[in-house]
There are 2 protein chains.
Amino acid sequence: MADVARLAGVSSQTVSRVSNGYAGVNEETRQQVLEAMRELGYRPNSAARALKRGEFRTIGVITFGLSTTGNVRTLEAIATSAAHEGYAVTLLPVAVPTQDEVRGAFSRLGELAVDAVIVILEVHLLDAVTLSLPPHIKVVVADSDAGDRYTVVDTDQAGGSRDAVRYLLGLGHETVWHLAGPEESFAAQRRADAWRAELTGAGRATPPLVRGDWSAESGYRAGLELAGQPDCTAVFAANDQMALGLLRALHERGRYVPDDVSVIGFDDIPEAGSFLPPLTTVHQDFAEVGRRCVEGVLRQMGQDTPEHGTTLVPTRLVVRDSAGAPRSR
Amino acid sequence: MADVARLAGVSSQTVSRVSNGYAGVNEETRQQVLEAMRELGYRPNSAARALKRGEFRTIGVITFGLSTTGNVRTLEAIATSAAHEGYAVTLLPVAVPTQDEVRGAFSRLGELAVDAVIVILEVHLLDAVTLSLPPHIKVVVADSDAGDRYTVVDTDQAGGSRDAVRYLLGLGHETVWHLAGPEESFAAQRRADAWRAELTGAGRATPPLVRGDWSAESGYRAGLELAGQPDCTAVFAANDQMALGLLRALHERGRYVPDDVSVIGFDDIPEAGSFLPPLTTVHQDFAEVGRRCVEGVLRQMGQDTPEHGTTLVPTRLVVRDSAGAPRSR
DNA sequence: CCATCAGATGTTTACGTAAACATAACAGGC
DNA sequence: GCCTGTTATGTTTACGTAAACATCTGATGG
């Protein structure tokens, strides 16, 4: 900066003013400074800036792996929104979703150049971890039920599940089975709860819940099991990957979809329309979740007090070919 | 820091020494300092550190979208490796893969707190962009052919493609069709080149190349076309998503896989084993690519001169059920 | 018993920036 | 012609840290 100032024949403060687009600079001076910057290839040093301003213009994102579509899409939207607002995004991968790992990530975060954190961790691990965060760092959590302590942005899991079950019942199915996600997952829990509630509300029997782990492979195993249940005519899978495995198992066992068994997924991953048959599924607007996370974080940075409360992003049932009326008995 | 020093009854320099694990500090003093740190909740300020040290311990990752599995898995491995080495990862999403956008990302990068960059951009857009990078920033490129100018880490696209084609020919197919990725993609280009070379080398006819855009939907459209070619008995798809769409199209048109048509994909995404039928595909070791990217970046940071040259990560053909011998004529 | 040296700790300074304050030049009103 | 206000610019300072250098203590060896 000093070099630029010297070359342009001004003080370093004037360079700073130009560099920050400050108003009260003579147009002629400004051009000289810009020219000098160009000539010297000047780049403001972000460390010094951050030090001086006391903020990094960076948002940290804590996430467990990038294996699930939802996390990735949300992350992508976060990165885009953040970039749009002039914020950078720093990634904090948590290797294994254990209490210790999460705590570790949070404490690494403490020394990290970050003004705020968005946590995309659907598992029940946030509880004991709160304390280790420096107090000035703002937090938004996606996919959690910690709405009483944090700002939470979530998909309307319950609404989406309700729509799926209602749609299947509307097609004439006696009841709907559920292929759930892993126990540790908040999202899985809420989808299962809503499924159960909707069935109960409609006065239908609740079949035993089948557990998967989000993977297509687990869906396949569950599918082999379900294929053996002759009274199973409709399945609501908690995500599209498991639905994919389910489709394969049913196909292998000669149970045709949708003629013998109807299947509905959750997420609407880009490939869902290319499954065999194309999957009817609940569309999640991950991009919107990401945007609102960034929004929430920035809003909190404008004020001193942290917020809490939950924002729900609505879902939409995308009807394709994997669900139909049950074969008439 | 000054507060900690006061509380511990030492100078701030001693606090710094403790904080950085410096050797020559009396054990007793050290404990007092640590105690004071704990009591005051002291966190070293990373901006000040970066300013003083002249390095940020941060790696920037430029990537176009997070839509392709490969990019995401690579990114994940990068983040993990980097964290392991005490480096943070900052994400620089490029919204649209145009020259301007890429240039923009690179110039934003100039002001970003980053010591090195890993570019995961498979498209032909790097060429004109070189200049805008501050000279001290180290670069590693994944999935590119810029090996003469940068350190490049790539999957052995050619080897994988060759194996796929060779395997299909070995099963007795007369020739192999190719469902290629988009023209702008380096990876797509290399896979297509290797496919053509292998066919030519084996003295087989080269069917017209069919173009997709990596998406399952484009694979479906291509599949409808290929289903109309009676002499098409084997297809090598440039990625698994397109293979998925292809499978659906073939199925809809009554061309059975693998009896009528054999299909091989590329990537080995986690779901590939759950396709109908389970997909034979070329496994890419994205994790290894990510690791080597970080390794390359760190290595260059240890020295002054940038490197160039290409490292290839080997692939592996994963045989499942989508490819078989052609129906005897 | 003093010179020498090693280990432990303190003091000064600089990293690059921008806020706060200071100064200078000039226009306009009375 | 002097005061006031405005605009443009310069000077000083502090952000939190760690390198470089300075100092102090006590031990060792001749």
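Residue numbers start from 1 in every chain, and the chains themselves are labelled A, B, ... in the order their sequence lines are given, proteins ahead of strands.
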Is the distance from OP1 or OP2 of D:dC15 to the nearest side-chain N or O of B:N45 less than 4.0 Å? no
For D:dT17, does OP1 or OP2 lie under 4.0 Å from any side-chain N or O of B:R53? no
Under 3.5 Å side-chain donor-acceptor pair for [X] and [Y]:
{"X": "A:Q31", "Y": "A:E27", "value": "yes"}
{"X": "B:S81", "Y": "B:E295", "value": "no"}
{"X": "A:T90", "Y": "B:T90", "value": "yes"}
{"X": "A:E307", "Y": "A:Q303", "value": "yes"}
{"X": "B:T29", "Y": "B:R17", "value": "no"}

Do A:R190 and A:D154 meet the salt-bridge criterion of a basic N to acidic O distance under 4.0 Å? yes
Does the distance from a Lys or Arg side-chain N to an Asp or Glu carboxylate O, for B:E55 and B:R57, drop under 4.0 Å? yes
Exactly one candidate in A:T69, A:T74, A:T68 meets side chain to side chain donor-acceptor pair (under 3.5 Å) with A:N71; the answer is A:T68
Give, ordered by number, those residues of residues 4-16 of chain A having at least one heavy-atom distance below 4.0 Å to an atom of DNA chain C; if nothing qualifies, reply none. A:Q13, A:S16
Rounding to an integer number of Å, can you tell me how far [X] [atom1] sits from [N] [atom2]?
{"X": "B:R49", "N": "C:dG16", "atom1": "CZ", "atom2": "P", "result": "19 Å"}
{"X": "A:N20", "N": "C:dA20", "atom1": "CG", "atom2": "P", "result": "14 Å"}
{"X": "B:L51", "N": "D:dC15", "atom1": "CG", "atom2": "C1'", "result": "9 Å"}
{"X": "B:L40", "N": "D:dG16", "atom1": "CG", "atom2": "P", "result": "14 Å"}
{"X": "A:F56", "N": "D:dC15", "atom1": "CZ", "atom2": "C1'", "result": "11 Å"}
{"X": "B:M1", "N": "D:dA19", "atom1": "CE", "atom2": "P", "result": "11 Å"}
{"X": "B:Q31", "N": "C:dA8", "atom1": "CD", "atom2": "P", "result": "15 Å"}
{"X": "B:E55", "N": "D:dA18", "atom1": "CD", "atom2": "P", "result": "11 Å"}

Are the side chains of B:L121 and B:F64 in touch, meaning some heavy atoms are under 4.5 Å apart? yes
5'-most contact on DNA chain C: B:E27 or B:K52, nearest heavy atom basis? B:E27
Between N or O atoms, less than 3.5 Å apart, protein on one side and nucleotides 21-26 of chain D on the other: list the pairs.
none

Over all strands shown, is A:Y22 touching base, sugar-phosphate only, or nothing at heavy-atom distances under 4.0 angstrom? nothing
